[in-house]
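The structure appears below as structure tokens.
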Amino acid sequence: MNPAQVFDQYYPLLYSIALQFLKSKEDAEDMVQETFARWLNQDHSKIENNKAYLVQSLKNACLNYLEELKRKRNEKLNEWSDQFSEYQQHFELVYHDLEKEMSMRLADMMQKLNPKEQAVYVLRNSFDMSYEEITELIDTKMDNARKTFQRAKERMQEKKTRFELNKETYRNTLPNFLNAHQKGQLNDYLDSIRAQLPDFFKS
């Protein structure tokens, strides 16, 4: 048989085999074409059975192709894993630095502001609440809230402290302060202030 006859006779068989391996019509067609191309370049006098040669050659080519795909996939997964690990480490460092900064900010605020000033300052500065919204939470008038915030803002800019840091109050307040800024859980932080000023907040 000439090459065209061999191709016509064995193409359906080879295509079905390739499709079983590769699960893709396009890949199967390409693999069969490549297998026939390799067969055409062989010394046919040394090939005893064209069918057996083509089938075995195709199977080997499919296995090699799948192995190469697996290798590339594993390389990509390892690359993604490394990138994710680097991102995670970076995120953890940033998160740690942020927590450290927030912890220092709370300590600084507790040494410069009284609890009333702390509450108004955090609600206005960190959560951008209007003075009207602030008065809905605490027992004060809008003018008083505005004056308290301005006073607190000025005192936070000063280097000198006014109070000695109460370590127990700081330890109890810090987790709620962090959650308020990182997770938006404001109520727990306000409860920490409410414990110090029970009559300052509206019921």
Side-chain angles (χ1 to χ4, degrees), residues 23-24 26-27 68-203:
K23 311 301 182 184
S24 164
E26 183 177 345
D27 289 343
E68 181 65 12
L69 283 182
K70 181 180 178 181
R71 185 187 65 79
K72 290 181 178 179
R73 183 190 64 184
N74 289 338
E75 286 181 354
K76 182 61 67 175
L77 288 175
N78 289 334
E79 180 182 343
W80 288 342
S81 178
D82 291 341
Q83 290 176 350
F84 177 77
S85 179
E86 290 176 4
Y87 171 79
Q88 187 177 32
Q89 291 175 7
H90 174 71
F91 177 79
E92 289 175 353
L93 287 174
V94 171
Y95 187 81
H96 176 75
D97 290 343
L98 179 61
E99 279 201 346
K100 184 177 180 181
E101 180 184 346
M102 296 297 295
S103 301
M104 294 173 63
R105 186 183 302 178
L106 175 63
D108 184 51
M109 185 173 63
M110 293 180 70
Q111 292 177 90
K112 293 179 178 179
L113 307 179
N114 61 40
K116 178 179 179 180
E117 292 168 338
Q118 292 177 40
V120 174
Y121 182 76
V122 170
L123 291 173
R124 180 66 177 164
N125 186 69
S126 298
F127 294 94
D128 199 30
M129 286 191 178
S130 66
Y131 293 112
E132 182 177 1
E133 290 173 321
I134 292 174
T135 59
E136 292 176 357
L137 291 173
I138 62 179
D139 190 13
T140 189
K141 297 180 180 179
M142 280 200 295
D143 286 344
N144 290 337
R146 184 178 292 104
K147 291 177 182 178
T148 299
F149 174 72
Q150 292 300 326
R151 184 169 61 249
K153 187 177 180 181
E154 292 172 1
R155 286 174 173 168
M156 286 299 296
Q157 294 173 348
E158 296 175 355
K159 292 184 178 180
K160 65 179 181 180
T161 60
R162 298 165 60 210
F163 310 104
E164 183 177 351
L165 182 64
N166 186 313
K167 294 182 180 180
E168 182 178 358
T169 302
Y170 171 77
R171 284 195 299 269
N172 293 335
T173 304
L174 179 58
N176 296 331
F177 183 76
L178 293 175
N179 286 336
H181 287 80
Q182 295 170 355
K183 301 178 182 179
Q185 298 175 356
L186 181 59
N187 290 338
D188 290 340
Y189 170 68
L190 293 180
D191 286 342
S192 300
I193 302 296
R194 187 180 286 110
Q196 302 173 60
L197 295 172
D199 297 330
F200 184 52
F201 289 83
K202 292 183 177 179
S203 56

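Positions are given from 1, in the same order as the sequence printed here.
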Checklist entry - For L113 and Y121, what are the C-alpha separation, side-chain angles and deciding distance, and is it a side-chain contact (heavy atoms from CB on, under 4.5 Å)? => result CA-CA 9 Å; L113 307 179; Y121 182 76; 4.0 Å; yes

As an exercise, state the distance from [atom1] of [X] to [atom2] of [Y], rounded to the nearest 0.5 Å.
X: L165; Y: Q111; atom1: CG; atom2: CD; result: 5.0 Å
X: K141; Y: T148; atom1: NZ; atom2: OG1; result: 13.0 Å
X: Y131; Y: L123; atom1: OH; atom2: CG; result: 11.5 Å
X: Q118; Y: S192; atom1: CD; atom2: OG; result: 10.0 Å
X: M129; Y: I138; atom1: CE; atom2: CD1; result: 10.0 Å
X: L178; Y: T173; atom1: CG; atom2: OG1; result: 10.5 Å

Next on the checklist: Quick one, F163 with M110, criterion side-chain contact (heavy atoms from CB on, under 4.5 Å). Give me CA distance, side-chain angles, the key distance, then yes/no.
Outcome noted: CA-CA 7 Å; F163 310 104; M110 293 180 70; over 6 Å; no

Next on the checklist: Determine whether E158 and K153 satisfy the following criterion, salt bridge (charged side-chain N to carboxylate O under 4.0 Å, His left out), listing intermediate values before the conclusion.
Outcome noted: CA-CA 9 Å; E158 296 175 355; K153 187 177 180 181; over 6 Å; no

Quick check: does any side chain N or O of [X] sit under 3.5 Å from a backbone N or O of [Y], one acting as donor and the other as acceptor?
X: N144; Y: T140; value: no
X: Q150; Y: K147; value: no
X: K112; Y: M156; value: yes
X: E117; Y: N114; value: yes
X: T135; Y: E132; value: yes

Item to check | Criterion side-chain contact (heavy atoms from CB on, under 4.5 Å) on D108 and M104, from CA distance to verdict | outcome: CA-CA 6 Å; D108 184 51; M104 294 173 63; over 6 Å; no

Heavy atoms, side chains only, cut-off 4.5 Å: are [X] and [Y] in contact?
X: F127; Y: L186; value: yes
X: L190; Y: L137; value: yes
X: V122; Y: M109; value: yes
X: F177; Y: S103; value: no

Checklist entry - Do you know the tightest heavy-atom contact between P175 and R171? => result CD-O, 3.1 Å

Item to check | Partner of I134 by side chain to side chain contact (heavy atoms under 4.5 Å, CB included), out of R146, R124, M142 | outcome: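 For I134, the side chain to side chain contact (heavy atoms under 4.5 Å, CB included) check succeeds only for R124.
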
